[in-house]
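Worksheet: one structure, shown below.
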Amino acid sequence: GSTAAPLPEEDCMKLNPSFLGIALRSLLAIDLWASKRLGVCAGEDSAWGSARPLMKVIEVSGHGIPWLLGTFCGLCQSDSSAAREVLLNLLFALLLDLVLVAVVKGLVKRRRPTHNKMDMFVTISVDKYSFPSGHATRAALVCRFILRHLVLAVPLRVLVVLWALIVSISRVMLGRHNMTDVLFGLLLGYALYSVVEYCWLSPLSAPALFALW
């Protein structure tokens, strides 16, 4: 009898998926399932819907606009050269964080969870995407920055770390992000601080910036 024509290469790949492909799809399915189960504050009728207002307050505490405005106001009012140097670098770190997260979101274009309510505080066009979590990235970055450059008592240092963790966890609880969005955001923010330290702005390395203040 006549022999069947061979399948196109792409069809063969679909019939024989690689182990890596199967593993990635399985992890994605687990991520989506677990994120939906943990979205207990995603709506008023959710399991922990009564805690949603508190979660939204925590959301604002990790938003970029309050941090940018607060840092800029502190920079304008500071009369200490050392404080101005720290605040200027914090402002640089926050701006770098916003740009990097926006670029990654625009490249990956992962949609937010289907159970998310788009009632977030001050969003821009790229915020329709969820990977990575900008709040988690900012929380990790600010946490490392504060612990490194502010002299705080141990209880306050613990509170800073707890704040970063609570902000990150709240993103999944509110249904804003999947777990992998938050985990990658934390790793990105942690690594981004190292970049800020490497590019640290000082009166010697950036005299023109410090001349403005």
Side-chain angles (χ1 to χ4, degrees), residues 57-110 120-153 156-171 176-177 180-213:
V57 171
I58 295 172
E59 178 178 65
V60 174
S61 77
H63 197 280
I65 290 181
W67 277 101
L68 284 169
L69 290 178
T71 303
F72 183 77
C73 290
L75 187 59
C76 292
Q77 297 177 4
S78 176
D79 55 359
S80 166
S81 58
R84 284 196 298 270
E85 181 175 339
V86 171
L87 288 170
L88 185 62
N89 280 276
L90 178 57
L91 184 62
F92 166 66
L94 293 170
L95 291 173
L96 185 62
D97 165 66
L98 285 176
V99 172
L100 183 59
V101 169
V103 169
V104 176
K105 282 186 175 182
L107 290 175
V108 177
K109 295 183 178 179
R110 184 184 194 184
M120 293 175 288
F121 174 73
V122 188
T123 60
I124 57 177
S125 60
V126 77
D127 284 332
K128 62 186 176 184
Y129 303 124
S130 71
F131 186 90
S133 166
H135 279 69
T137 305
R138 189 173 305 108
L141 172 65
V142 170
C143 179
R144 283 197 73 188
F145 195 100
I146 290 176
L147 294 181
R148 174 66 178 82
H149 294 286
L150 292 185
V151 179
L152 300 174
L156 291 178
R157 296 175 72 86
V158 172
L159 285 177
V160 171
V161 175
L162 286 177
W163 168 81
L165 292 176
I166 291 171
V167 167
S168 302
I169 294 171
S170 72
R171 309 312 291 154
R176 308 295 197 206
H177 293 278
T180 48
D181 303 333
V182 172
L183 291 175
F184 185 83
L186 288 171
L187 291 174
L188 183 61
Y190 189 90
L192 188 58
Y193 172 78
S194 299
V195 176
V196 174
E197 279 289 297
Y198 181 79
C199 303
W200 188 262
L201 304 175
S202 68
L204 293 178
S205 62
L209 282 176
F210 285 87
L212 296 174
W213 311 102

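The shown structure was predicted, so the numbers you read here are calculated from the model rather than taken from an experiment.
- Of the residues listed (His135, Lys105, Arg110), the one engaging Asp181 in a side-chain contact (heavy atoms from CB on, under 4.5 Å) is Arg110, and it is the only one.
- Panel note: side chain Arg157, backbone Leu147; a donor-acceptor pair is recorded below 3.5 Å.
- Around atom CZ of Phe92, more than 12 heavy atoms belonging to other residues, nucleotides or ligands sit under 6.0 Å away.
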Could you give me the CA-CA distance, side-chain angles and deciding distance for Val60 and Ile65, then say whether side-chain contact (heavy atoms from CB on, under 4.5 Å) is met?
-> CA-CA 9 Å; Val60 174; Ile65 290 181; over 6 Å; no
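- Taking CG of Leu87 as the start and SG of Cys73 as the end, the distance is 11.0 Å to the nearest 0.5 Å.
- Between Arg171 and Glu59, the closest side-chain pair of non-hydrogen atoms falls below 4.5 Å.
- A donor-acceptor distance shorter than 3.5 angstrom exists from the side chain of Ser168 to the backbone of Ala164, with no hydrogens or angles considered.
- Put simply, the side chain of Thr137 never gets that close to the backbone of Gly189: no donor and acceptor are under 3.5 Å apart.
- Glu197 has its side chain out of reach of Arg144: every pair of non-hydrogen atoms, C-beta onward, lies at least 4.5 Å apart.
- Contact detail for Val101 and Gly134: the closest heavy-atom pair is CG1-CA, 3.9 Å.
- Here the CZ atom belonging to Arg148 is positioned 14.0 Å from the SG atom belonging to Cys143, to the nearest 0.5 angstrom.
- The nearest pair of heavy atoms linking Ala102 to Val126 is O-CG2, 3.6 Å.
- Asn89 contributes a side-chain N or O that, together with a main-chain N or O of Leu201, makes up a donor-acceptor pair within less than 3.5 Å.
- Taking each heavy atom of Phe145 and Val196 in turn, the nearest pair found is CE1-CG1, 4.4 Å.
- Scanning all heavy atoms of the two residues, the minimum distance from Ser133 to His177 falls at CA-CE1, 3.5 Å.
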Show your reasoning for whether side-chain contact (heavy atoms from CB on, under 4.5 Å) applies to Leu90 and Leu94.
-> CA-CA 6 Å; Leu90 178 57; Leu94 293 170; 4.2 Å; yes
So Leu68 and Leu98, side-chain contact (heavy atoms from CB on, under 4.5 Å) or not? Walk me through it.
-> CA-CA 10 Å; Leu68 284 169; Leu98 285 176; 3.3 Å; yes
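- By the 4.5 Å heavy-atom criterion applied to side chains, Val103 and Leu107 are counted as neighbours.
- Distance CG/Leu192 to CG/Asp97: 6.0 Å, rounded to 0.5 Å.
- Residues Phe184 and Pro132 share a closest heavy-atom pair of CD2-CB, 3.6 Å.
- What you find for Ile58 and Ser170 is that their closest heavy atoms are CG2-OG, 3.8 Å.
- The main-chain N or O of Val158 is never found under 3.5 Å from a side-chain atom of Trp163 such that the two would form a donor-acceptor pair.
- Summarising the geometry, atom CG belonging to Leu96 is positioned 13.5 Å from atom OH belonging to Tyr193; distances are rounded to the nearest 0.5 Å.
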